[in-house]
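Just below is one structure, and these are the notes that go with it.
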Amino acid sequence: MSPPQMQKIDTSSSSQAQKAAAIQSEVGEVINIMQNNIEKAVKRGEKLESLHTKTEELRDGATIFKKGATKIQNDMWWKNMKLNLILGSGAIVAFGILGFIAYSYM
């Protein structure tokens, strides 16, 4: 082969080697980016799992709180009703006594 042909082969193989190196570099960058993305996804998954657990605990706590609040509300309603009945009965008895006394003096 003549020297110009050798030079073409060397430059073409050199440019192919540069292209291959550039492509290999890009592939390496993509691999690094994908590894970072996978790590972030795993961390996000762990955070989501933790958040899911906390959400379930809060829901359970809210259910217990609602049951307790409903029980207290019912208890207070009955206490209020008893008080109203006692006061109403007392008022009826008082008006009855006053009516009896007023009727006796007539």
Side-chain angles (χ1 to χ4, degrees):
M1 281 198 214
S2 66
Q5 286 178 344
M6 289 286 277
Q7 193 175 17
K8 277 186 180 179
I9 292 173
D10 287 339
T11 53
S12 69
S13 67
S14 171
S15 68
Q16 287 178 354
Q18 288 175 349
K19 287 180 184 178
I23 291 171
Q24 186 64 32
S25 173
E26 288 179 19
V27 168
E29 289 177 22
V30 169
I31 289 172
N32 286 336
I33 291 170
M34 290 304 294
Q35 286 174 344
N36 288 336
N37 288 343
I38 291 170
E39 288 175 11
K40 288 178 184 178
V42 168
K43 287 179 184 177
R44 188 175 27 233
E46 290 171 357
K47 288 180 183 177
L48 287 175
E49 185 177 319
S50 172
L51 183 61
H52 181 68
T53 303
K54 288 178 184 178
T55 302
E56 287 177 349
E57 290 172 0
L58 283 173
R59 183 177 39 231
D60 293 343
T63 302
I64 291 168
F65 177 80
K66 185 175 181 181
K67 286 179 182 178
T70 303
K71 184 180 180 330
I72 290 171
Q73 183 181 17
N74 290 339
D75 290 346
M76 297 317 276
W77 184 85
W78 278 110
K79 283 183 181 182
N80 189 31
M81 186 57 65
K82 289 177 188 175
L83 180 63
N84 287 339
L85 288 172
I86 290 170
L87 291 176
S89 298
I92 289 172
V93 169
F95 284 125
I97 292 173
L98 288 175
F100 179 74
I101 292 173
Y103 183 72
S104 296
Y105 286 114
M106 291 183 148

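Remember, it's a predicted structure, so these values are computed and weren't measured experimentally.
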Show me, pair by pair, the donor-acceptor contacts under 3.5 angstrom made by side chains of residues 96-106, not counting sequence neighbours?
residue : atom : partner : partner atom : Å
Ser104  : OG   : Phe100  : O            : 2.8

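- Lys66 meets the side-chain hydrogen bond (donor to acceptor under 3.5 Å, both in side chains) test with no other residue; sequence neighbours excluded.
- In the hydrophobic clustering, Ile31 connects to Ile23, Val27, either directly or through intervening members, whenever side-chain heavy atoms lie under 4.5 Å apart.
- The list of side-chain hydrogen bond (donor to acceptor under 3.5 Å, both in side chains) pairs with a residue in residues 32-55, not counting sequence neighbours, reads His52-Glu56.
- The list of side-chain hydrogen bond (donor to acceptor under 3.5 Å, both in side chains) pairs with a residue in residues 75-96, not counting sequence neighbours, reads Lys71-Asp75.
- Atom CG of Leu87 is separated from atom CD1 of Ile92 by 11.0 Å, given to the nearest 0.5 angstrom.
- Through side-chain heavy atoms spaced under 4.5 Å, either directly or across other Ile, Leu, Val, Met, Phe, Trp or Tyr residues, Ile33 is tied to no other residue.
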